[in-house]
Amino acid sequence: MTEDFTAAERARLEPRFTNLDRRCFALRNLPETVKGALFARYSRSAKSLRRLYLDEFDADLRQAPDTGAGEAAGRAAALYDRVLGQYGDDSVAQLGSAHIACEGVSNVLTKVLERGRLMSYLEQSTRYVPYTERPNGRWKYVTPSEIGDLADRRRYRETLDNAFETYARFIGTAEEHFRRVHPAKPGDNPDAWKRAIRSRALDTLRGLLPAATRSNLGIHGSGQAFEALLLRLGTHPLAEAQRMGQAMLAELRQVIPAFVQRVDREDRGGAWRDYLCARHAAAEDAACTLPDEDESGPGGAGNDVRLIDWKGDGETSVLAAALYPHTDHTLGDLYRLVQQMPPEERVRTMRRIVGERSNRRHRPGRAFEHADYTFEVAADYGAFRDLQRHRMLTIDWQRLTTRHGVTEPDALDAIFGLRPAWDRVMDEAQRLDEHLRGRYGADVAQYAVPMACRIRFTMRMNAREAMHVIELRTQPAGHPSYRRICQGMHQLIREQAGHEAIADAIRFANHDDTGLGRIDAENRQERGTAQAPPPA
């Protein structure tokens, strides 16, 4: 399968490919459009990829090696125009990607940006970054342009300024409290202990921060994923989202222009946007015909998780699917055979198939995707921000509001002076939320809502993803708020769904009271830093 290249050809190939004599290799030092076009041609040619490069792209790229411009890049763009623009072959749009940074955006917008499943995101953390800086004398939050009335803008800013001032004022007090409650233990690295104390303080106080708080977000995705994101931003009701869509399109046109060419074409992106707008309007109209809020839903204070739908014979489905590739039986036959097994034999067989998991990254096969669960959660917005990052499941959420109550941190009454200040922030936010909702609508009102306020959302996941979410989010280093939610999910799978074998397979779920949760992780980081070689 290997090819012979002349010395001259090897000299031309070596800068572009990681090796010239093996079956597996990577592309390098090539424009995204050229890489995508090479792969697009690859599927319709008998030639190897390296030979295709030599025959169709190299000559023109060598004329402009620094920029990738010239006829080769032009040919690649033309290929995309023909395949993607004219024929709509969306798979071609997955062959190039880009990295985009979005800085100083609100926490309302970060959730809009992170909605796409097939993208990668890294967001600034409220656990490690204290929001105490005041660039140009202003706290780090967004004032939505929709609030046009000067009196309303002044009230909005006064309310949010007070929330930030309260947050900043109590960081030192909270740290002092946690130093008393969690003194350093023998073996704790002093720097690691200090960072763990700071993280616990910031975790406790983050509920005071409004959803308008500014954040930085890094996004990596394919051209197809960015196209879908741009269309969502262009039809979003918030002006901040629409402005970000326009800004992002301008930047993407500088790095992967061929991949976003359909976005503002009336017959492509325009028609798509029209459909999205009509779909949104129809859902809003239908929602208006419903009776008032069902009081039986999650309400009050604290976090709440309910299992509202599951497959009763989920364990049978998982076991039958696990056996299916290893037999000649139909799936229906396997269902029947598994159902006929004595219960203890089914449990033993499940345990054997799951195997000895030595850590949480050892997960069983895709057979576990044949059982699924739908949870409805009412949790503080801070916890939601972390759980929303799990995109290999189906998650959907309602607008953020103060109407669903507040989740209070465990140490609220123990930290001297925090309770009255906390209550004042929450009361002012509730009044501002209702005022903005009446004048500017529920979407705009979200900016003023503190992260301690609860948001309703659903998470539908199969058992394999449930294993990942529950085991990751119940680890000692996790925030107590989402740890309790995922501990509740684990209990519901066992007790309400009755899937004891699946619950047993989720063996790295941690239900312990962890104390100063971050300390072990911080100690490991310090040991790793100490063992790392010095920089060259």
Straight-line distance of [X] [atom1] to [Y] [atom2], nearest 0.5 Å:
X	Y	atom1	atom2	result
W422	D413	CH2	CG	11.0 Å
T159	E428	OG1	CD	5.5 Å
T407	I485	OG1	CD1	7.5 Å
M451	L208	CE	CG	10.5 Å

So that I can tick it off, tell me whether [Y] and [X] are bridged by a salt bridge, with the cut-off set at under 4.0 angstrom between side-chain N and carboxylate O.
X	Y	answer
D264	R253	yes
K311	D372	no
D423	R419	yes
D161	R138	no
E434	R403	yes
E471	R361	no

Task: Cation-pi, W139 ring and R157 (6.0 angstrom, 45 degrees) - done: no
Answer yes if the side chains of [X] and [Y] hold a donor-acceptor pair under 3.5 Å, and no otherwise.
X	Y	value
N510	R483	yes
Y381	N107	no
T166	R424	no

- [ ] Report, as yes or no, whether the 6.0 Å neighbourhood of atom CG on L118 holds more than 12 heavy atoms from other residues, nucleotides or ligands.
- [x] no
Task: side-chain hydrogen bond (donor to acceptor under 3.5 Å, both in side chains), paired with Y131, selected from Q124, R214, K140, R206 - done: Q124
TODO: Scan R437, R454, Q446, Q430 and name whichever one has a side-chain hydrogen bond (donor to acceptor under 3.5 Å, both in side chains) with T401.
DONE: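 In the set R437, R454, Q446, Q430, the residue that makes a side-chain hydrogen bond (donor to acceptor under 3.5 Å, both in side chains) with T401 is R437.
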- [ ] Quick one: sort the Y141 and F164 rings into parallel, tilted or perpendicular, breaks at 30° and 60°.
- [x] tilted
TODO: Give a yes or no on whether the backbone of Q388 and the side-chain of E114 come within a donor-acceptor separation of less than 3.5 Å.
DONE: no
- [ ] Keeping the roles fixed (side chain from R391, backbone from R389), state whether a donor-acceptor pair exists under 3.5 Å.
- [x] yes
- [ ] Could you walk me through whether D396 and R115 pass the salt bridge (Lys or Arg N to Asp or Glu O under 4.0 Å) test, one step at a time?
- [x] CA-CA 9 Å; D396 218 338; R115 186 133 198 168; 2.3 Å; yes
TODO: Evaluate the criterion salt bridge (Lys or Arg N to Asp or Glu O under 4.0 Å) for residue pair R127 and D386; output intermediate values, then yes/no.
DONE: CA-CA 11 Å; R127 163 172 277 186; D386 291 303; over 6 Å; no
- [ ] Given salt bridge (Lys or Arg N to Asp or Glu O under 4.0 Å), test E465 with R363 step by step and report yes or no.
- [x] CA-CA 10 Å; E465 181 64 8; R363 288 191 284 273; over 6 Å; no
- [ ] Indicate yes or no: at least one non-hydrogen side-chain atom of M467 is less than 4.5 angstrom from one of R357.
- [x] yes
- [ ] Indicate yes or no: at least one non-hydrogen side-chain atom of R385 is less than 4.5 angstrom from one of T126.
- [x] yes
